[in-house]
Asker: 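Following this message is one structure expressed as structure tokens.
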Amino acid sequence: MQRFINDPDEVVEDTVKGFVKAHADLVRRAENPRVIVARQAPVKGKVGVITGGGSGHEPAFIGYTGVNMLDAVAVGELFSSPTAKSFLDAAREANGGRGVVCLYGNYAGDNMNVKMAIKLAAKEGIEIATVVANDDVCSAGPLERAKRRGVAGEIFMWKCGAAKAAQGASLEEVRATAQKAIDNCRSVGVGLGPCTLPAVGHPNFVIEPGTMEVGIGHHGEPGVRVEPLKSAKEIAADMAATVLDDHALPPGTEVAVLLSGLGATPLDELYILNDTMAEAIEARGLKIYRTYVGNYFTSLEMVGATLTVLALDDELKQLLDVEVHCPAMR
Amino acid sequence: MQQLVNAASGEIVLALAQIVIENRAYLSEIDGKIGDGDHGVNMAKGFGLAADRIKGHTLTLAEAFDTLGTVLMTEIGGSMGPLYGVMFTNFAEVIDKAEAIDASAFGAMLRKGIEGIQSIGSAEVGDKTLLDTLVPAVDAFEAACAARRPFSEALDQLCAAAEAGRDSTKDMVAKIGRASRLGERSRGVLDAGATSCALILTTLAHNVQRRLQ
């Protein structure tokens with residue numbers, strides 16, 4: 001596969017440099033080169049909202065830095081957690097004096113580095129509260145939700161948490177709202193083709209031609225089953241069923257839908273999927289309040305898509321409506 | 001009673017860095033079989049950075065451990081940065097004030113390292129991680145001390161148990177970290193973290209043995 005890279009070991013550095021040049025109106029680079037900060041941050045008297053994660057998921061995580069969105073983001077190497085220092089520096093940059101909430105995904109490295117950053121931040125008087133995203137339905141059973149990985153549902157968690165913070169809420173209120181948002185999210189991924197870390201040089205897993213992997217994770221974590229490739233209609237119906245069976249929402253519930261490509265799936269195919277997904281969701285008596293279709297949370301050049309369904313209440317609906325200015329989302 | 005002088009023993013950490021750097025390709029190769037193949041690269045980067053900062057300074061073992069731990073923790077990221085980072089900073093904490101380190105202080109230092117790792121990670125022995133090397137090695141060291149064996153002999157026990165622990169990971173199924181997603185497919189290969197941990201512990205033990213007074 002042909003790619004636009006310079007030095008495989010400099011992919012993250014080069015990405016961040018180009019990103020900051022493209023979005024200088026919204027973001028800046030902190031003194032720590034692995035931290036991206038919203039132009040206006042820190043906002044005095046506002047709870048700081050941060051995240052962090054491995055690179056290779058662009059526009060996540062850095063693309064969600066902006067106004068009424070994330071104040072700062074810690075940047076890791078490709079598919080590898082940022083350092084505790086970067087999480088700490090992100091918290092410092094975001095700290096407006098009312099504490100910082102770190103909204104991140106459930107991965108071993110991130111859990112450890114955030115935990116250490118919390119200790120380091122406490123020493124300098126910055127309180128960090130956390131919410132750990134676990135929306136990926138296929139990564140563990142319903143009785144083991146705490147073990148599930150975080151995927152594209154993180155975007156709704158950031159959106160609702162950051163909007164709440166922008167309204168002047170306390171650290172505990174922001175944390176509780178972000179927790180509610182991720183608790184109300186369920187996601188599933190389907191992979192049609194693998195991805196390659198440039199420094200490794202070969203795909204880090206295999207999807208045989210003519211097959212697809214249902215329940216695949218954001219780094220190629222194995223899914224629940226490998227099946228012959230089906231039509232978009234069948235795949236979309238299956239993805240919607242996987243998410244909604246786990247969700248068990250009462251008819252009449254309003255939902256937000258986020259359908260993200262994994263990096264190498266063209267937009268037309270996402271719209272083809274969405275056509276059936278919308279029908280399948282409405283067939284359960286649910287009302288679609290808003291739909292996002294695009295490359296919101298990718299995995300290098302993986303072929304595939306994730307579906308996320310967020311169950312809304314009045315508060316989450318209103319927070320979803322708050323206007324944002326960030327590179328990845330309107 | 002055998003003991004190690006803390007002052008000027010910081011050079012031991014340079015020996016640790018050297019062995020990790022020499023095994024850079026080997027560790028990445030093992031990791032590549034069931035992980036993402038960057039263990040050797042990341043470890044060599046972290047230990048190399050620490051060595052650069054230690055070289056040319058006369059440091060106590062505690063100071064050198066603290067430098068190494070801080071570099072790993074703050075500049076490496078992933079899972080191994082914080083895990084080894086907290087292990088070495090905890091080592092440093094225990095022996096910080098000691099002029100000489102006897103077997104009992106050395107054992108307390110190792111134990112505190114395990115506690116640090118367990119305070120941030122959730123792995124247990126048998127999960128196919130570096131704990132499968134570290135825990136039996138420290139247990140063996142403590143058992144030898146309890147049996148009133150000399151410091152040097154207890155370090156031999158530590159090395160033997162570390163290597164046996166490393167080898168035990170070959171037949172384990174990973175229960176944590178990226179390899180755990182492979183389930184049964186993770187059986188049959190050594191765990192990269194357990195392998196680097198055995199290298200670190202045996203190199204540490206041999207260098208301490210040479211300096212015992």
Side-chain angles (χ1 to χ4, degrees), chain A residues 8-9 12 32-34 52-56 74-89 106-120 136 138-140 146-147 149 195-197 199-206 215-224, chain B residues 24-25 28-29 31-46 49 69-90 116-123 127-131 174-186 193:
Chain A
D9 291 330
V12 174
N32 178 338
R34 289 291 178 273
S55 294
V75 180
E77 292 303 306
L78 288 173
F79 290 1
S80 180
S81 169
T83 64
K85 174 85 166 31
S86 294
F87 276 112
L88 171 65
D89 286 338
N106 190 19
Y107 296 90
D110 295 312
N111 280 322
M112 284 187 267
N113 285 298
V114 169
K115 206 181 257 188
M116 301 193 47
I118 291 171
K119 280 190 199 169
L120 297 169
D136 191 350
C138 291
S139 53
K147 286 191 178 174
R149 298 181 296 257
C195 57
T196 299
L197 292 165
V200 176
H202 56 81
N204 58 350
F205 59 100
V206 177
I216 198 163
H218 260 173
H219 312 89
E221 295 92 336
V224 285
Chain B
R24 178 190 148 114
S28 279
E29 187 197 317
D31 187 37
K33 290 177 184 170
I34 53 171
D36 44 15
D38 61 1
H39 185 56
V41 176
N42 287 338
M43 290 288 283
K45 184 176 157 200
L49 278 171
T70 305
V71 166
L72 293 174
M73 211 185 293
T74 57
E75 295 180 43
I76 297 306
S79 299
M80 284 303 151
L83 288 170
Y84 276 126
V86 76
M87 182 179 93
F88 285 112
T89 49
N90 274 16
I117 287 173
Q118 289 178 329
S119 75
I120 58 163
S122 50
D127 288 352
K128 197 172 180 119
T129 72
L130 66 92
L131 285 179
K175 296 206 185 65
I176 200 156
R178 199 151 291 167
S180 66
R181 289 145 193 171
L182 295 174
E184 270 300 322
R185 282 186 279 162
S186 65

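Letters A, B, ... mirror the listed sequences (proteins, then strands); counts begin at 1.
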Asker: Once you round to the nearest 0.5 Å, how far does CG of A:Leu120 lie from CE of B:Met73?
Answerer: 7.5 Å

Asker: For A:Lys147, is it the side chain, the backbone, both, or neither that has a heavy atom closer than 4.5 Å to a heavy atom of chain B?
Answerer: neither

Asker: Looking only at non-hydrogen atoms, find the nearest pair between A:Met112 and B:Ile120 and report the distance.
Answerer: CG-O, 3.3 Å

Asker: Where is the tightest heavy-atom contact between B:Gly77 and A:Thr83, given as atom of each residue plus distance?
Answerer: N-CG2, 3.3 Å

Asker: Tell me, for B:Ser119 versus chain A, whether the close heavy atoms (under 4.5 Å) come from the side chain, the backbone, both or neither.
Answerer: both

Asker: Rounded to the nearest 0.5 Å, what separation is found between the NZ atom of A:Lys85 and the OG1 atom of B:Thr70?
Answerer: 11.5 Å

Asker: Among B:Ala123, B:Gly121, B:Gly78, which residue forms the greatest number of heavy-atom pairs with chain A at distances under 4.5 Å?
Answerer: B:Gly78

Asker: Heavy-atom cut-off 4.5 Å, strictly under: side chain, backbone, both or neither for A:Phe79 against chain B?
Answerer: both

